Q: 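I have a structure I would like to understand better, so I am pasting it below and will then ask my questions one at a time.
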Amino acid sequence: MLQPFHRLRRTVAQMRRMRHIMAVLVKYGFEEVAAVVNRRFRVAFGTRRLRRAAEQEVLAQSPAARVRLAMEELGPTFIKMGQLLSTRPDLLPVEYIEQLEKLQDHVSPEKPQVIRTALEEHLGAPPEEVFAWFDPEPIAAASIAQVHRARTHDGRECVLKIRRPGIGETIRTECEMLENVAGLVKARFTLPENFDPQRMVREFSRAVALEVDLANERRNQKRFIRNFADDEAVHVPEVLEEYCTEGLLVMEYIDGIKPNEIAALQRAGLDPPLVARRGADFVLRQVFEFGFFHTDPHPANFLVMPDNVLAPLDFGQVGRLTRQDRQLLQSVVIAIVDGDVGGIVQALERAEMLPDDVSLVGLTRAVETLLDTYSHLPLRDIPFREAIGRGFEIMRLHRIRPPADFTLMLKSLMTIESFARALDPDFQIIEHLKPYARRFTLQDMSPGNMLRHLRRMSQDAGQLASRLPDDAAAIIGKFRRGQFRVHVHHEHLENLNKTLDKSSNRISFAMITAALLIGSSLLIAQEGTFFGLFHLQTLGVMGYLVAAVIGLGLLISFVGRDRM
């Protein structure tokens, strides 16, 4: 009995939440979307009253600003969704990206007793017993977790990142509703070909599920520790494994200064331009050397320690690049530096990022115009963020489909460039990026890699040669037995088949109608009966009636283009 009651309670909660979502949509001027949702879910809401409440100052703002305000009001799940969308400038215009980048988690801390209870569940004992000291006041609070300071019994200063109780179930439920709404929007509205809201919601659901799992963040952090173990300019906080669970992450406490606090850095005797270069090197090593990168390298996710050592924080959001992704990046970077427009288009084509019906002439012209805009500038004076932004605009217009992690990587480069420029106005990331791309190319052409490529190619060629006689014999055998078949597929052939079927049906019915009219005319003029049952004139009249019905049907099908 409890399970049906639980489902009913969950359904009621979802309907209340859906009503709130539609009310917020109406409030910020998205009545059309709210109406589509309401027709599907039959949830009443006070459209007229809410429209009056919104007033003109809300509607006077841009659609992008209203989207941001609506997401802020709808809470953590929608804020996370907006933050994810802000990393996809290949899908959204720049004005939407700029607004969504402003989304921040404005969440009050959980009540101390709620956090204490959650900690006891994760630790198996009260925090005061497990730690020598625990601070019940959080030093940071976000939508998924909040952070507290503590000290172990052996004197190590640490921080505890504690997942908010129930946040996983809340986000799962709202993601289900979001996918339903996205499906309705996709079905009812004309959207750009490369923008699939349902696919975006699914990507978001997977990403946020990983972010909610603090055990996954712990694995990411340990991988960063291994990757940068030999880098004296970077210190990744140590993980205290013995205390960690899927809902609790305990790590070394870092006493440092935020990199955007430039005056504090200078007072501490630190070197902001050096920190800028180290921040850029930190990201570029991830992209070109490891293929595993921090997707959100903004200043809030770093601390600067003594000797200008950079300490990255928050490893919940990471991206992965295949070797092909990195080869694509280095090909594009080198082609841009060399002014090789054809090389850029060819690289995109090799990566299968271009739609089948793309205009290569139009794409080449757009890329050439972009490069010409900056060709007269020295490398260090090219505005990297602006150039990448215009590149994303070309992607949208020509429906280029980059892998999601490739787009995240470009967005990370834009973010770290802003980070570094704030510390050093003369910093130019392209000067740092080019050597990494060249080095990656040289590594790819190293004797060891070349031998591996040759060995793999020779193995593939050997396997192909060994299978060739058997494959040829099988094909010849099928020819001899008359079993060889060739399947031809044409994308729009089924439409032609339907048209031919419809036309033949109409011709058949027209011929039947003509035959009925001629036969009925002959019967009307005759005397006598049909096997003593019906008068021939009666059969003639019935034939006229059947012919009239069929003729009317044909007329309707011609006018309304309905299927017979």
Side-chain angles (χ1 to χ4, degrees), residues 76 80 83-84 87 105 118-119 121-124 130-131 140 142-150 152 156-165 167-169 171-172 175 202-231 234-254 282-298 300-303 310-323 325-326 403-409 411-412 415-416:
K80 285 290 179 187
Q83 290 171 340
L84 174 69
T87 65
D105 292 342
L119 270 176
E121 291 178 0
H122 292 301
L123 297 170
V130 178
F131 298 99
S143 57
I144 289 177
Q146 63 185 54
V147 181
H148 292 254
R149 285 193 63 182
T152 64
R156 289 178 294 175
E157 297 289 335
C158 60
V159 294
L160 283 62
K161 186 173 184 178
I162 308 152
R163 185 172 62 199
R164 288 177 178 266
I167 188 64
E169 179 63 25
I171 289 178
R172 270 194 301 274
C175 282
R202 292 190 194 107
E203 286 182 8
F204 163 70
S205 300
R206 289 193 294 269
V208 80
L210 291 174
E211 194 171 350
V212 168
D213 181 7
L214 297 187
N216 178 69
E217 181 172 348
R218 181 173 80 250
R219 289 189 293 270
N220 294 339
Q221 186 165 342
K222 290 172 66 179
R223 184 167 175 179
F224 272 91
I225 291 172
R226 292 193 303 271
N227 288 347
F228 288 91
D230 62 344
D231 193 335
V234 176
H235 177 77
V236 182
E238 177 191 357
V239 176
L240 280 61
E241 289 270 3
E242 61 269 30
Y243 303 104
C244 296
T245 68
E246 66 173 15
L248 175 64
L249 175 59
V250 182
M251 70 183 81
E252 168 192 5
Y253 172 73
I254 301 295
F282 171 70
V283 171
L284 293 173
R285 278 197 71 188
Q286 294 169 52
V287 169
F288 285 100
E289 190 172 334
F290 309 123
F292 181 79
F293 62 98
H294 198 300
T295 62
D296 196 19
H298 64 73
N301 284 332
F302 290 94
L303 288 172
L310 202 62
L313 308 171
D314 194 350
F315 302 89
Q317 298 180 23
V318 298
R320 292 167 174 80
L321 294 175
T322 65
R323 187 165 191 84
D325 292 335
R326 285 180 280 169
D405 281 346
F406 188 84
T407 306
L408 284 174
M409 177 270 300
K411 189 69 167 56
S412 295
T415 303
I416 200 64

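These numbers were taken from a predicted model, which means no experiment stands behind them.
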Q: Charged N to carboxylate O under 4.0 angstrom, Arg149 versus Glu157?
A: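 Glu157 and Arg149: salt-bridged.
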
Q: Within the 4.5 Å heavy-atom criterion, are Phe224 and Val234 side-chain neighbours or not?
A: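 No, their side chains stay 4.5 Å or more apart.
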
Q: Which residue, Lys222, Arg156, Met251, forms the side-chain contact (heavy atoms from CB on, under 4.5 Å) with Glu238?
A: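 Among Lys222, Arg156, Met251, the one that satisfies the side-chain contact (heavy atoms from CB on, under 4.5 Å) with Glu238 is Arg156.
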
Q: Are side-chain heavy atoms of Glu217 and Asp314 found at a separation under 4.5 Å?
A: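 The answer is yes; the side chains approach within 4.5 Å.
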
Q: Can you name the closest pair of heavy atoms from Leu303 and Ile254 and give their distance?
A: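 The answer is CD1-O, 3.5 Å.
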
Q: Any non-hydrogen side-chain atom of Phe302 less than 4.5 Å from a side-chain atom of Leu313?
A: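 No; the side chains remain at least 4.5 Å from each other.
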
Q: Are there over 12 heavy-atom neighbours, none belonging to Glu246, within less than 6.0 Å of that residue's CD?
A: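 Not buried by this count: 12 neighbours or fewer within 6.0 Å.
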
Q: How close do Phe406 and Asp325 get, counting heavy atoms only, and between which atoms?
A: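 Looking at all heavy atoms of both residues, the closest pair is CE1-O, 3.6 Å.
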
Q: Evaluate the side-chain proximity of Gln83 to Asp296: yes if any heavy-atom separation is below 4.5 Å, no if none is.
A: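 A side-chain contact under 4.5 Å is absent here.
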
Q: Examine Phe290 together with Phe228 and report whether their ring centres are nearer than 6.0 Å.
A: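 Close enough - the centres of the two rings lie under 6.0 Å apart.
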
Q: List the atom of Tyr243, the atom of Leu123, and the distance in Å for their closest heavy-atom pair.
A: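 So the minimum-distance heavy-atom pair works out to O-CD2, 4.0 Å.
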
Q: Please report the shortest heavy-atom distance between Val287 and Met409, naming the atom on each side.
A: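 Val287 and Met409 have their closest heavy atoms at CG2-CG, 3.7 Å.
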
Q: Taking all non-hydrogen atoms of both residues, which atom of Cys158 and which atom of Thr152 are closest, and how far apart?
A: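 Closest approach of Cys158 to Thr152: SG-CG2, 4.2 Å.
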
Q: Got a second to check how far Ile416's CD1 is from Leu284's CG, nearest 0.5 Å?
A: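 Separation between the atoms: 8.5 Å.
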
